[in-house]
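Everything below concerns the one structure shown next.
Given the structure is predicted, the values throughout are model-derived calculations rather than measurements.
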Amino acid sequence: MARIDHAAAAKKVGLDLRPTEVLFFGNPNVGTLLMQQSQAIGLELPLKVLVWEDDKGVAWVAHIDLDWLVSQYGIASAVQPTLDKMSAMLKAVLEEATGDHNL
């Protein structure tokens with residue numbers, strides 16, 4: 001859906017930052033089901049993944065655990081099938097991005 005390149009933004013203001021990007025992705029058919037349970041979870045959607053390179057040139061990927069996320073909004077059991085779909089999609093995206101099929 002969208003990408004924010006923090007390193008490019010830093011460069012525009014004369015600062016250095018190793019490659020660091022936030023990738024946003026989602027599906028309204030899925031996210032809406034969560035927001036129907038708690039509209040406040042819209043603050044967390046679409047899903048985000050942070051990708052960055054450390055000082056040794058190693059790439060890292062981080063994201064918020066989806067089970068934890070929905071539990072914070074008190075809707076975990078109400079949306080389990082939706083959560084399962086989102087988890088599968090997130091896993092597929094991370095496997096594609098990293099080439100690691102053991103995530």
inquiry  = I'd like to know if E53 pairs up with R18 as an ion pair, taking the criterion as any Lys NZ or Arg NE/NH1/NH2 lying under 4.0 Å from an Asp or Glu carboxylate oxygen.
reply    = no
ask   = Say you draw a straight line from CG of L34 to CD of Q37; how long is it, rounded to the nearest 0.5 Å?
value = 8.0 Å
task = Any chance you could measure S38, atom OG, to Q72, atom CD, to the nearest 0.5 Å?
result = 11.5 Å
Spacing of CZ belonging to R3 relative to CG belonging to L23, to within rounding of 0.5 Å = 5.0 Å
message = Do V49 and F25 make a side-chain contact, defined as non-hydrogen atoms from C-beta onward lying under 4.5 Å apart?
response = yes
note = dist Q36:CD -> I75:CD1 (nearest 0.5 Å) comes out at 10.5 Å
request  = Measure across H63 and K48 and return the closest heavy-atom pair with its distance rounded to 0.1 Å.
outcome  = CB-O, 3.7 Å
inquiry  = My understanding is that a hydrophobic cluster links ILVMFWY residues whose side chain heavy atoms are under 4.5 Å apart, including indirect links. Using that, what else belongs to the cluster containing L33?
reply    = none
ask   = When rounded to the nearest 0.5 angstrom, what distance separates CG in L47 from CG in L90?
value = 6.5 Å
Could you give the side-chain donor-acceptor pairs of residues 78-89 under 3.5 Å, partners two or more places apart or in another chain?
{"from": "Q80", "atom 1": "NE2", "to": "D84", "atom 2": "OD1", "distance (Å)": "2.8"}
{"from": "S87", "atom 1": "OG", "to": "L83", "atom 2": "O", "distance (Å)": "3.0"}

message = Do W52 and V61 make a side-chain contact, defined as non-hydrogen atoms from C-beta onward lying under 4.5 Å apart?
response = no
ask   = Hey, are the side chains of H6 and V22 touching, using non-hydrogen atoms and a 4.5 Å cut-off?
value = yes
task = Output the distance between atom OH (Y73) and atom CG (L43), rounded to the nearest 0.5 Å.
result = 5.0 Å
